[in-house]
Amino acid sequence: TSRDMTFAVNSETDFATIENEIRKTLANLPENIRAELDAKDVFSPEKSQKNFTFHLEIWDLEKTIDANFVAKLIDKIARNLAREIGAKVI
């Protein structure tokens, strides 16, 4: 299963900061779950904001991955980014 995620942050936030926060969440996945994270796009709609888009590929080694699990994971990533760096999902 794959998902694209776009986060709006202030213009001073760099790619590595967001990527590191996402990877912290992915590091806590169950042993049978695998994930690949790739940068997809950076866009500055205004001087004070940047939008970063990431592509997440996620799969379960033992069974078909549950869509509910993926939705909860994306939500957890978004909440962590909001708390740590003030990112907003767009």
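Numbering of residues begins at 1 and proceeds along the displayed sequence.
Atom CD1 of Ile58 and atom CG of Leu73 lie 4.5 Å apart (nearest 0.5 Å). Atom CZ of Arg79 is separated from atom CD of Glu84 by 12.5 Å, given to the nearest 0.5 angstrom. Here Glu19 contributes atom CD and Asp14 contributes atom CG; the two are 10.0 Å apart, rounded to the nearest 0.5 Å. Leu29 CG to Arg34 CZ: the interatomic distance, rounded to the nearest 0.5 Å, is 9.5 Å. Between the CD1 atom of Ile18 and the CD1 atom of Ile85 there is a distance of 4.5 Å, given to the nearest 0.5 Å. To the nearest 0.5 angstrom, Glu21 atom CD is 11.0 Å from Ile77 atom CD1.
Under the 4.5 Å side-chain contact rule for hydrophobic residues, Phe43 and Ile90 do not share a cluster. Linking ILVMFWY residues whenever their side-chain heavy atoms come closer than 4.5 Å, directly or via other members, leaves Trp59 and Leu26 in distinct clusters.
More than 12 heavy atoms of other residues, nucleotides or ligands shown are found within 6.0 angstrom of CD on Glu46. At most 12 heavy atoms of other shown residues, nucleotides or ligands fall within 6.0 angstrom of atom CD in Glu12.
Of the possible polar contacts, none joining the Arg83 side chain to the Ala78 backbone as a donor-acceptor pair under 3.5 Å is found. A donor-acceptor contact shorter than 3.5 Å is absent between the side chain of Thr53 and the backbone of Lys40. In terms of modelled atom types and a separation under 3.5 Å, the side chain of Asp75 and the main chain of Ala71 share no donor-acceptor contact.
The heavy-atom pair separating Gln49 from Asn51 by the smallest distance is NE2-OD1, 2.7 Å. Nearest heavy-atom pair, Lys50 versus Ser11, reported as atom, atom and distance to 0.1 Å: CE-O, 3.1 Å.
The closest side-chain donor-acceptor pair between Thr25 and Asn80 falls under 3.5 angstrom. No hydrogens or angles considered: a donor-acceptor pair under 3.5 Å links the side chains of His55 and Asp4.
By the 30° and 60° cut-offs, the orientation of the rings of Phe54 relative to Phe15 is parallel.
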Working for side chain to side chain contact (heavy atoms under 4.5 Å, CB included), residues Val9 and Phe52: CA-CA 8 Å; Val9 295; Phe52 290 93; 3.6 Å; yes
Chi angles and distances behind the side chain to side chain contact (heavy atoms under 4.5 Å, CB included) call for Phe69, Asp60: CA-CA 10 Å; Phe69 175 84; Asp60 190 320; over 6 Å; no
Derivation and outcome, side chain to side chain contact (heavy atoms under 4.5 Å, CB included), residues Leu56 and Met5: CA-CA 8 Å; Leu56 178 64; Met5 308 173 291; 4.0 Å; yes
